[in-house]
Amino acid sequence: MNWYIVTTKIYLHVYNYVMLNRKSGKEKDQSQNTTRRRVLRTAATTGAVTSVAAATFATPVAANAEPRFENGRAQPVFADDEVIREDYWVETSLDSDGTGEPDRVHVEIARPASTETSDLRLPVVMEPSPYYGEYQAAWGYPPSEELYVPDKPGRDLDESAEARSRKVYEDYSDLAEFTGREGPNIGPGPFEEQLLQRGFIWAYPASIGTEQSTGCPDVGGENEIEGIKTVVDWLNGRADAYDRREGGQKVTADWTTGKCAAMGVSYNGTLANGVATTGVSGLEAIVPIVSISNWYDYYRANGHVASRMDMGGLFDFIMSRENGHVCDTARERVEEGQDRTTGNYNDWWHERNYLPDVENIDCGVFVCHGIYDFNVETSNTSKLVNELREHNKPYRVWLHQGGHHVPIQREAWFDLLNRWYTYWLFNVDNGVMDEPPVTIEREDGSLTAEPDWPHPETEHVDVNFTPGGQTQGGLVLEKSNGQPVEESFVDNPDIHINSHANADESEHRLVYTTDPLEEDIRVSGSVFPDLTLSFDEPAANVTALLVEYDETGGADIVNRGWMNPQN
């Protein structure tokens with residue numbers, strides 16, 4: 001396939017401050033070679049199976065402790081308390097599995113025994129997740145499939161969609177049987193271990209259709225969000241919960257103030273984003289970590305179908321309830337709605353785009369992301385921050401030098417997390433909202449506080465191409481004069497992108513570079529390629545890279561983007 005570039009320009013947000021963010025080649029290789037399933041598994045590490053205490057206590061060990069704060073931080077006064085760990089099922093207004101009974105969300109609660117022996121009430125931090133059940137096999141799509149071409153003979157859209165709708169398994173006998181509450185606990189996870197002793201009750205809601213919750217997943221859709229929102233309603237006395245999955249006695253959350261927060265890594269934090277955009281009363285703060293703000297941006301990139309495992313595969317991965325065949329219809333809706341064939345944005349994807357509803361958020365938002373996250377791209381955070389800023393919502397941002405995980409500077413980050421929850425859930429005026437809203441972990445491990453992100457002192461810079469891209473074209477500030485120059489290349493999908501970046505000459509890609517920089521340059525924000533392209537095939541995908549070359553010419557890919565020009 002020949003690709004022709006007619007006129008070219010790139011927009012950069014540049015701030016003369018420090019060199020482009022980098023990390024070692026070893027770290028980069030580990031990030032790029034991580035499989036999606038492995039990454040998905042890491043999102044559930046906060047649900048490590050550990051039994052801390054029995055579900056009920058005849059004689060709880062407690063000192064009738066009460067919250068205490070020093071220097072604006074909640075102190076570990078409940079460290080000597082026994083942990084009461086109990087299970088409830090919150091009843092929703094949903095019937096997503098069509099059984100005629102309302103879906104119920106299983107919630108594991110962990111609270112200090114002082115809440116049992118006195119009238120003490122404490123706020124709750126929820127860590128919602130679809131990963132608390134047994135993981136299932138997930139099928140991916142081969143990356144070599146021919147691109148969809150509208151009106152091309154022999155490529156019928158409906159037949160193609162049906163051919164791709166493949167279930168991973170038919171036998172659900174190995175999935176969890178519901179026998180009340182038996183088996184291992186969900187917690188404690190590392191967040192609970194840090195914060196419960198400081199007076200924050202912990203809650204682990206299992207998303208509908210997963211673990212011991214009933215109903216069916218819809219992968220980021222309104223049902224999953226409604227399920228977690230109803231847990232907030234229950235904690236504030238607006239919904240019912242029971243001590244059994246089916247039937248049982250009603251239970252009240254008389255050990256909480258009703259003030260709630262939600263947090264988590266990846267999908268867990270994505271649920272927090274979605275619930276926050278409902279504006280539910282009682283949700284005071286969220287902490288989404290490397291999380292999704294728009295599912296279309298996660299599985300698509302400007303119309304390009306970017307993932308081998310699409311939403312149908314993720315449905316299979318998380319759907320861990322018993323009698324899973326009752327969710328076959330729900331899975332069919334996911335397969336149909338995702339429209340993998342064309343990659344188009346549609347109403348189904350729009351339902352999973354939380355950004356248009358940021359105006360409804362009525363809580364503080366502490367966003368954390370790794371700039372080398374090749375799973376949930378950093379653009380999911382940048383777009384969320386832009387909307388929060390546009391709608392004058394309270395937010396903080398922490399960017400770190402890692403990938404799909406919590407910040408590298410754990411101690412400093414946990415300290416800020418403590419102050420964040422102390423402010424929003426205990427109403428302690430500790431100044432956390434008076435500080436610079438952005439913390440950036442630099443390459444040397446230092447922490448930089450900044451007034452916003454992108455940095456307010458960035459300036460918009462246009463850089464223009466000069467001919468020679470098959471070897472090394474130029475990238476200059478001056479606008480070119482005269483007629484546009486046409487340059488072309490022939491696509492070869494068998495060549496890895498790193499090889500393209502490092503090749504001295506190739507007919508299969510175009511490279512344009514600046515002269516060696518005389519001073520350090522920082523790109524803060526987003527890079528926007530503005531390209532005029534033509535193709536000799538009716539369908540194609542386009543990839544653009546931002547690359548840093550060292551003194552020896554070695555290439556370090558800073559970031560990349562994709563597009564399917566049909567969309």
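Inspection of the Glu441 and Trp398 side chains reveals an N or O donor paired with an N or O acceptor under 3.5 Å. Side chains of His500 and Asn498: a donor-acceptor N/O pair is absent below 3.5 angstrom, by distance only. Of the N and O atoms on the side chains of Glu127 and Trp202, at least one donor lies less than 3.5 Å from an acceptor on the other residue. A donor and an acceptor atom, one from each side chain of Glu211 and Tyr131, are nowhere located under 3.5 Å apart. Checking Asp339 against Thr342 by side-chain atom types alone, a donor-acceptor pair falls below 3.5 Å. The closest side-chain donor-acceptor pair between Tyr549 and Asp556, if any, does not fall under 3.5 angstrom. There is a side-chain donor-acceptor pair under 3.5 Å between Tyr298 and Asn375. Judged by distance alone, the side chains of Tyr267 and Glu224 do bring a donor and an acceptor atom under 3.5 Å apart. The closest side-chain donor-acceptor pair between Asn302 and His304, if any, does not fall under 3.5 angstrom. For the residue pair Asp452 and Tyr395, a side-chain donor N or O sits within less than 3.5 Å of a side-chain acceptor on the partner. For the 3.5 Å distance criterion, the side chains of Trp295 and Tyr354 qualify, holding a donor opposite an acceptor. Checked by atom type, the side-chain pair Ser96/Asp103 shows a donor-acceptor distance below 3.5 Å. In the model, Asn268 has a side-chain atom that pairs as donor or acceptor with a side-chain atom of Ser129 under 3.5 Å.
A salt bridge is absent between Glu387 and Lys383: the closest approach of a Lys/Arg side-chain nitrogen to an acidic carboxylate oxygen does not fall below 4.0 angstrom. A salt bridge does not link Arg509 with Asp491: every distance from a Lys NZ or Arg NE/NH1/NH2 to an Asp or Glu carboxylate oxygen is 4.0 Å or more. At a threshold of 4.0 Å, the pair Asp328-Arg333 does not count as salt-bridged, since none of the basic side-chain nitrogens sits closer than that to a carboxylate oxygen. Glu450 has a carboxylate O that lies under 4.0 Å from a charged side-chain N of Arg522, or vice versa, which qualifies the two as a salt bridge.
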Is there a side-chain contact (heavy atoms from CB on, under 4.5 Å) between Gln338 and Trp349? Walk through the geometry before answering.
CA-CA 7 Å; Gln338 70 182 0; Trp349 285 108; 3.9 Å; yes
Yes or no on side-chain hydrogen bond (donor to acceptor under 3.5 Å, both in side chains) for Tyr148 and Gln566, after CA distance, side-chain angles and deciding distance?
CA-CA 9 Å; Tyr148 168 71; Gln566 293 185 98; over 6 Å; no
Check against side-chain contact (heavy atoms from CB on, under 4.5 Å), His325 and Asn323:
CA-CA 5 Å; His325 58 83; Asn323 298 327; 4.1 Å; yes
Could you go through His405 and Val265, starting from their C-alpha distance and side-chain angles, then the distance that decides it, and tell me whether this counts as side-chain contact (heavy atoms from CB on, under 4.5 Å)?
CA-CA 7 Å; His405 50 71; Val265 176; 5.9 Å; no
Before you tell me yes or no, could you show the steps for Tyr299 and Leu314 under side-chain contact (heavy atoms from CB on, under 4.5 Å), namely the whole-Å CA-CA distance, both residues' side-chain angles and the distance that decides it to 0.1 Å?
CA-CA 11 Å; Tyr299 275 115; Leu314 184 53; 3.5 Å; yes
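In plain terms, the two heavy atoms of Ala544 and Pro529 that are nearest each other are CB-CG, 4.1 Å. The two residues Pro217 and Gly209 make their nearest non-hydrogen contact at CD-CA, 3.8 Å. The nearest pair of heavy atoms linking Ser207 to Ile228 is CA-CD1, 4.4 Å. Smallest separation of non-hydrogen atoms from Ser379 and Ser382: O-OG, 3.0 Å. Taking every heavy atom of both residues into account, Glu351 and Gly221 meet most closely at OE2-CA, 3.4 Å. Here the closest heavy-atom approach between residue Glu284 and residue Trp424 is recorded as O-CE3, 3.4 Å.
With hydrogens and angles ignored, the 3.5 Å screen pairs no side-chain donor or acceptor of Arg560 with any backbone N or O of Ile557. Panel note: side chain Arg104, backbone Ser213; no donor-acceptor pair is recorded below 3.5 Å. At distances below 3.5 Å, at least one donor-acceptor pair connects side-chain atoms of Asn346 with backbone N or O atoms of Gly337. Within the 3.5 Å criterion, the main-chain N or O of Ile361 finds no donor-acceptor partner in the side chain of Thr277. The main-chain N or O of Ser266 is found under 3.5 Å from a side-chain atom of Ser291 such that the two form a donor-acceptor pair. No donor-acceptor distance shorter than 3.5 angstrom exists from the side chain of Lys229 to the backbone of Thr278, with no hydrogens or angles considered.
A heavy-atom distance below 4.5 Å is found between the side chains of Arg396 and Val432. Within the 4.5 Å cutoff, no side-chain heavy atoms of Thr214 are placed close to those of Ile208. Here the side chains of Leu447 and Gln409 are in contact, with some heavy-atom distance below 4.5 Å. Proximity of Arg352 to Asp218: side-chain heavy atoms (C-beta onward) are separated by under 4.5 Å at one or more points. Contact of the Phe200 side chain with the Val124 side chain is not registered, since no non-hydrogen atoms from C-beta on lie closer than 4.5 Å. Residues Glu377 and Asn559 meet the side-chain proximity criterion, which asks for heavy atoms closer than 4.5 Å. The shortest side-chain heavy-atom distance between Thr210 and His106 does not fall under the 4.5 Å cut-off. Under the 4.5 Å side-chain criterion, counting only non-hydrogen atoms from C-beta, Trp413 is in contact with Leu417.
Remark: Ile497 CD1 to Thr543 OG1 distance equals 5.5 Å, nearest 0.5 Å. Taking CG from Leu425 and SG from Cys260, the interatomic distance works out to 8.0 Å, rounded to the nearest 0.5 Å. We find the CZ-CH2 distance between Arg389 and Trp453 to be 9.0 Å, quoted to the nearest 0.5 Å. Atom CD1 of Ile286 and atom CG of Asn273 lie 4.5 Å apart (nearest 0.5 Å). From Ile495, atom CD1 reaches atom NE2 of His508 across 4.5 Å, with rounding to the nearest 0.5 Å. A distance of 11.0 Å separates CD in Glu134 from CZ in Phe317, rounded to the nearest 0.5 Å.
Each of Asn344, Asn294, Asp310 was scored for a side chain to side chain donor-acceptor pair (under 3.5 Å) with Arg300, with one residue passing: Asp310.
Residue-environment remark: CG (Asp362) stays at or below the threshold of 12 foreign heavy atoms within 6.0 Å.
In this structure, His400 has its ring center no closer than 6.0 Å to that of His369.
Aromatic ring pairs are classed by plane angle as parallel below 30°, tilted from 30° to 60° and perpendicular above 60°; the pair His350 and Tyr345 is perpendicular.
Applying the disulfide (SG to SG under 2.5 Å) definition to pairs two or more places apart or across chains, those involving residues 266-333 are Cys216-Cys327.
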